[in-house]
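Labels below follow one simple rule: chain letters A, B, ... track the order of the sequence lines, proteins then strands, and each chain is numbered from 1.
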Amino acid sequence: MEYDFREIERKWQQRWAEAGTYHVEADPSRPKYYVLDMFPYPSGAGLHVGHPLGYIASDIYSRYKRQKGFNVLHPMGYDAFGLPAEQYAIQTGQHPAVTTEQNIKRYREQLDKIGFSFDWNREVRTCDPGYYKWTQWAFEKMYNHYYDTDLQRAMPIEHLIAKHPEWNELTPKELSDTLMNYRLAFQADTLVNWCEGLGTVLANDEVKDGLSVRGGFTVEQKLMRQWLLRVTAYAERLLTGLDDLEWSESLKEIQRNWIGRSEGATMFFPIKGQPEEKKLEIFTTRADTVFGVTFMVLAPEHAFIQEITTPEQREAVEAYIAETKKRSERERMADTKRVSGVFTGAYAVNPFNGVEIPIWISDYVLAGYGTGAIMAVPAHDSRDWAFAKHFDLLIIPIIECDVTEGSYDAKEGTLINSDFLTGLDVKEAIPAMFKAIEEKGIGHKKVNYRLRDAIFSRQRYWGEPFPVSYDADGIPVLLPESELPLLLPEVDNFTPTHDGQPPLARVEGWKYETSTMPGFAGSSAYYLRYMDPHNDKALVDPEINKYWENVDLYVGGIEHATGHLMYSRFWNKFLFDLGYVCKDEPFKKLVNQGMIQGRSNFVYRVVDKPNTYVSYGLKDQYQTQEIHVDVNIVKNDVLDIEAFKAWRPEFKDAEFITESDGRYVCGWAIEKMSKSMFNVVNPDMIVENYGADTLRMYEMFLGPLEQSKPWDTNGIDGVHKFLRRVWRLVEGVDDAKPTDAELKTLHKTIKKISEDIENFSFNTSVSAFMICLNELYDHKTTARSVLEPLVCLLAPFAPHIAEELWHGPLGHAEAESVCDAAYPVYEEKYLTESAFEYPVSFNGKMRFKRTFDLSMTPDAIAEAIKADEQTSKYADGKAVRKVIVVPGKIINVVC
RNA sequence: GCUCCGGUGGUGGAAUGGUAGACACGAAGGACUUAAAAUCCUUUGGCCAUUAGGCUGUGCGGGUUCAAGUCCCGCCCGGAGUACCA
């Protein structure tokens, strides 16, 4: 019988759905394993062939684990709130709920065709009220908790109030304002990334190079009252928690850099002519360089500037501040080399030697980091140096070096001109200085983080509403937990109001906060909800959470490194502190699949001939224009000329200058997969032409999972051919006794595939299958005891064909799915041999192969080789000096 | 600038320090076929040699080692992250 993949795949997808093959429940009698994919945002464009890459990998792993006897939780859902649906709504007037629903339907159809083992009973959508109830619930919990730095955990806000009896004196408004400095979800006037083009604020990770990640609109700094999450409270735990995670080093590194821990000291500098308590606080990691300080620099936003600026300098200072305000974040970034600043007229006093130091302001010092003020050491900091050179300020070297021009960021060396530190090495000087600072009482050791609190409001419609209203004093009042969820009201206009209010301000009688929560709100705890998706009493039942614990394997793109993966960890740690979840970290192991790029094809239009196209090999003889051509009408870079003529009306009468064999060869390039480049390959089409099993295996075969690589349909025949050969081989199954050679092939393959799956090296496992099949073909294998384990082994990769063979030629009963067939175990005895063929090399050159008995001692081998030397033409008469034996592997003979 | 990752045939990519290029695509040749599809066989890093075989070869230059794509040092190139973070 032919391998009719269309019929086979249709049949099994239907049966799996009917039988609930992939439905799982918590079952304490069995070990659990939780495999999660980052759920997709259902965009209008549908899936392209790059999207399922990670899903296929995780599906293979899930199925493998299931065959190994684990109770595998493998859910899927949709990250359904978000900007694109709303932008689309603004343009077309279609309600985001409607387009989202349509997109989800399309996604589901596409996903279903690939044969995933998702438990769809557990589907979640972030835009469902039953789901976002728990997003709002978590927000309220955060509002009602603060981070206790002594206990290093979140605690109820009442606990804090109890510690401060003096707060009883405060008015309700004052108390509310005070508590806002502690709550984990809080309101503050902060400089935000305001994006006029999108009409909303954005989080730091949603901005890149001064432009919005979505849409590429300009982003500016603006002071606004916003809701924020106090992510910084967890900075240290987010940092140290990384150590125990099985994440790639590079991803951990990205998070470490984003958290940006730096150890240093804050130090107070008295200001000349100001009262004793009015001291300038700075942060430095290099307290040892304090004798090299020749000026101070404040950020233009620094609170002291008004008070300390002298009358003579006031005009210049104010002009500078005004100018800085005008510059957008992007402009500031664009010319970081530009040195600018202005003297305040005031002087600070070096607390160590009493030297008076001029105080400047400059935008190279950031208001948001440290204290917004620095001590400048121009001799050993390149930015300070540039500033000093530009304004002709004093430079005092205090670390010995042979650099004559320019500063150097001296991380080692001996200190000079530094009073009691002179003669010490930098490494000794830093701790010595910390000690001195604390002894003199002019500062203390301090750890600073680059991490910022996350801005949590968006001036948009399509998101979770805040369950918050405000009383007459503007004090937030939470909707009682029992009344959650607060439903997102209907609107028919999705644009901001005329006075710049968010769309919710249009809703009549809406007495709640008008901004909504950002995209990351709904995706921060969805992995918990999958454990118990229909529970309306709790986010997740504690018993159920205790069983599934957290995600064992998480697969997704690295682009979420500083966004979702950071927020989820924060959110989970918070819920952990409150006792709602049993694990401190959400994702134990994480694998980042690479991006699949597009591979575009080109035709070459001859410039002065109308509608004439020249083949790639001849294009240099003409002046040509490169035109993208739909990759779906090109095979192996050869253009289907008829399809091209039919592709678009203007090509109907196209003329072609072909290669000598009549073929038209296209050029190609690797580009992003996008509609405009006609290089989008749709998985539905691949499934239709080759089958889901071929798609699955070919996506794995393309290359290492974590690596970005271009999609190239050209190679897919190889994988398809492999499956057809499997089909034919297993069709001929009988009860023949397997030969040693067949058993060796089988067990070698089991070992290799198992190791590969554990290492997520799926590309080499596909190769291993092909090698195995080639060998079995050579052996003309028919033995059931070889072919049946092979089908089990193949099931995670190509479940449909495996299932069909399992029930067809292999004759298993309908009720026993190959999904539950025990994963084969290899036996070492079939792999060992009594003798090995070793390469023997002289002076590093492989000279000949020789078969040795494994039981021979090195001495015996040396003797044997000596004997060989008598006859070998490579023998140069030198005696064998040494025989190197690595048991079971290799021998080297040193002459 | 800093941090991380990579650089291997025409292409995608294999190689616990141990015969580099597995596996696959493409290409060339052949078998079967009226033909096509499908299937199967042979060759396929480069140079030299009619064969046997030899030389050379993993971005560049050094080094360690009996032995280096792999380890170490110094460069070059590409990608990613981050950036006046004090």
Side-chain angles (χ1 to χ4, degrees), chain A residues 2 208-209 248-258 260-262 264 282-287 289 297 299 332-333 335-340 362-366 368-377 380-384 386-387 409 448-452 558-559 561-562 592 594-595 599 636-638 668 697-698 701-704 706-719 721-722 724-725 728 755 761 763-774 777 837-849 881-884 886 889-895:
Chain A
E2 261 302 287
K208 198 174 185 298
D209 301 330
S248 71
E249 258 330 294
S250 60
L251 177 53
K252 288 187 189 181
E253 202 57 30
I254 291 172
Q255 290 214 341
R256 286 191 190 111
N257 289 339
W258 188 258
R261 182 184 203 274
S262 65
I282 59 101
F283 174 76
T284 178
T285 55
R286 291 297 303 276
T289 60
V297 187
R332 263 175 88 152
M333 280 177 178
D335 54 3
T336 55
K337 290 196 179 65
R338 192 181 86 159
V339 178
S340 72
S362 172
D363 63 4
Y364 86 88
V365 173
L366 304 176
Y369 184 79
T371 60
I374 62 156
M375 60 178 216
V377 185
H380 304 293
D381 181 284
S382 52
R383 296 154 308 182
D384 297 345
F387 195 82
D409 300 309
N448 243 320
Y449 299 93
R450 203 191 72 104
L451 186 69
R452 293 281 90 94
I558 195 148
E559 66 272 18
T562 54
N592 290 119
M595 268 229 290
R599 186 180 188 277
N636 291 330
D637 293 336
V638 177
W668 61 273
M697 289 197 87
Y698 186 56
F701 184 68
L702 274 179
E706 307 213 3
Q707 188 178 305
S708 283
K709 56 225 170 243
W711 175 268
D712 182 358
T713 309
N714 289 340
I716 201 166
D717 286 336
V719 170
K721 196 160 78 183
F722 160 78
R724 278 202 304 262
R725 279 157 56 100
R728 270 183 283 138
E755 286 168 358
S761 178
N763 58 327
T764 53
S765 32
V766 176
S767 294
F769 275 121
M770 290 175 173
I771 295 167
C772 172
L773 200 72
N774 287 343
Y777 253 72
E837 194 179 57
Y838 294 112
V840 174
S841 58
F842 290 91
N843 290 330
K845 270 255 180 284
M846 210 285 289
R847 293 304 187 185
F848 55 89
K849 291 176 185 173
R881 274 193 277 129
K882 198 171 148 199
V883 178
I884 301 165
V886 182
K889 188 68 186 175
I890 204 80
I891 284 187
N892 203 301
V893 180
V894 184
C895 295

Item to complete: Ignoring backbone atoms, establish whether Arg724(A) has a side-chain N or O less than 4.0 Å from OP1 or OP2 of rU39(B).
Response: yes
Worksheet item: NZ of Lys709(A) versus P of rU11(B): gap in Å, rounded?
Response: 19 Å
Discussion item. In whole Å, I'd like the distance from the CD1 atom of Ile282(A) to the P atom of rA86(B).
Written reply: 12 Å
Worksheet entry | Nearest atoms (heavy-atom pairs only) where Val297(A) meets Val365(A) | CG1-CG2, 3.5 Å
Worksheet entry | Atom-pair distance (CD1 on Ile771(A); C1' on rA24(B)), nearest Å | 10 Å
Worksheet item: Between the main-chain N or O of Ser262(A) and the side-chain N or O of Asn448(A), is there a donor-acceptor pair closer than 3.5 Å?
Response: no
Worksheet item: Any side-chain N or O of Lys252(A) under 4.0 Å from OP1/OP2 of rC4(B)?
Response: no
Worksheet item: The side chain of Phe701(A) lies closest to which of these nucleotides: rC4(B), rG26(B), rC23(B)?
Response: rC23(B)
Worksheet, complete the sentence: On RNA chain B, more 5' by nearest nucleotide between Ile716(A) and Ser250(A) is Ser250(A)
Worksheet item: Looking only at heavy atoms, which two atoms of Leu702(A) and Pro710(A) are closest? And how far apart?
Response: CD2-O, 4.1 Å
Worksheet, complete the sentence: Leu366(A) CG to rU82(B) P, in whole Å, measures 16 Å
Worksheet item: Hey, does the side chain of Asn714(A) come within less than 4.0 Å of rA24(B)'s phosphate (OP1/OP2), counting only N and O?
Response: no
Worksheet item: Whom does rG17(B) pair with, Watson-Crick or G-U wobble, provided both distances fall under 3.5 Å?
Response: none
Item to complete: Please work out if Arg725(A) contacts a base, only the sugar-phosphate, or nothing of the nucleic acid, heavy-atom cut-off 4.0 Å.
Response: sugar-phosphate
Discussion item. Roughly how many Å apart are rU39(B) and rC32(B), using the C1' atom of each and rounding to a whole number?
Written reply: 9 Å
Practice prompt. Measure the distance from CE on Met595(A) to P on rG79(B) and round it to the nearest whole Å.
Written response: 13 Å
Response to the item:
Rounded to whole Å, CD of Glu253(A) lies from P of rC5(B) at a distance of 8 Å
Worksheet item: From rC23(B), rA86(B), rA14(B), pick the nucleotide closest to the side chain of Thr764(A)?
Response: rA14(B)
Worksheet item: Base, sugar-phosphate, or nothing for Asn448(A), non-hydrogen atoms under 4.0 angstrom?
Response: nothing
Worksheet item: Using atom C1' of each nucleotide, how far apart are rA20(B) and rA14(B) to the nearest Å?
Response: 9 Å
Worksheet item: Between rG13(B), rU39(B), rA86(B), which nucleotide gets closest to the side-chain atoms of Arg728(A)?
Response: rU39(B)
Item to complete: If rU3(B) has a Watson-Crick or G-U wobble mate with both distances under 3.5 Å, name it; if not, just say none.
Response: rA80(B)
Worksheet item: When rounded to the nearest Å, what value does the distance between P atoms of rA27(B) and rA38(B) take?
Response: 12 Å
Worksheet entry | rG13(B) versus rC25(B) - spacing of their C1' atoms, nearest Å | 11 Å
Response to the item:
Paired to rA68(B) by Watson-Crick or G-U wobble criteria (both distances under 3.5 Å) is none
Worksheet, complete the sentence: Considering only heavy side-chain atoms of Ser767(A), the closest of rA22(B), rA14(B), rU82(B) is rA22(B)
Discussion item. Would rG9(B) be called syn or anti here, given the cut-off of 90° from 0?
Written reply: syn
Item to complete: Under 4.0 Å between any heavy atoms, over every strand shown, what does Asn763(A) touch: base, sugar-phosphate, or nothing? Just pick one.
Response: sugar-phosphate
Discussion item. As a test of reading the structure: which of rA24(B), rC84(B), rA14(B) is closest to the side chain of Tyr364(A), going by heavy atoms?
Written reply: rC84(B)
Worksheet entry | Between rG10(B) (P) and Arg599(A) (CZ): distance, integer Å | 15 Å
Worksheet entry | Integer angstrom distance from the P of rU64(B) to that of rG53(B) | 34 Å
Worksheet item: Minimum heavy-atom separation for Arg725(A) to Tyr777(A), with atom names?
Response: O-OH, 3.5 Å
Fill in: Which atom of Phe283(A) lies closest to which atom of Thr371(A), heavy atoms considered
N-OG1, 3.7 Å
Discussion item. As a test of reading the structure: which of rU3(B), rG81(B), rU39(B) is closest to the side chain of Lys721(A), going by heavy atoms?
Written reply: rU39(B)
Practice prompt. Could you tell me which nucleotide pairs with rU44(B) by Watson-Crick or G-U wobble geometry, both distances under 3.5 Å, or answer none if nothing does?
Written response: rG26(B)
Discussion item. So Pro710(A), base contact, sugar-phosphate only, or nothing? Heavy-atom distance under 4.0 Å.
Written reply: nothing
Response to the item:
For Asn763(A) and Pro704(A) the tightest heavy-atom approach is ND2-N, 3.5 Å
Worksheet item: How far, in whole Å, is rU70(B) from rU8(B) if one measures between their C1' atoms?
Response: 12 Å
Worksheet item: Within the side chain of Ser362(A), is there an N or O that forms a donor-acceptor pair under 3.5 Å with the backbone of Ser340(A)?
Response: yes
Worksheet entry | Gap in Å between the two P atoms, one belonging to rA86(B) and one to rG69(B), rounded | 41 Å
Discussion item. Using a heavy-atom cut-off of 4.0 Å across all strands, would you classify Glu249(A) as base, sugar-phosphate, or nothing?
Written reply: nothing
Worksheet item: Should rA52(B) form a Watson-Crick or G-U wobble pair with both distances under 3.5 Å, which nucleotide is its partner?
Response: none
Worksheet entry | Pairwise P distance, rU42(B) and rA35(B) [rounded to whole Å] | 23 Å
Response to the item:
Picking from rC84(B), rC23(B), rA86(B), the nucleotide nearest the side-chain atoms of Asp363(A) would be rC84(B)
Worksheet item: Does Asp381(A) reach the side chain of Arg286(A), with side-chain heavy atoms less than 4.5 Å apart?
Response: no
Fill in: Gln707(A) CD to rA80(B) P, straight-line distance once rounded to whole Å
14 Å
Fill in: Complement of rA38(B), any strand, by Watson-Crick or G-U distances under 3.5 angstrom
none
Worksheet item: Which one, rG13(B), rA86(B), rU82(B), comes nearest to the side chain of Ser262(A)?
Response: rA86(B)
Worksheet item: Reckon Asp712(A) touches a base, only the sugar-phosphate, or nothing at all at heavy-atom distances under 4.0 Å?
Response: nothing
Worksheet item: With distance as the sole criterion, is a donor-acceptor pair present between the side chains of Arg450(A) and Asn257(A) under 3.5 Å?
Response: no
Fill in: Residue matched to rG61(B) through Watson-Crick or wobble contacts both under 3.5 angstrom
rC73(B)
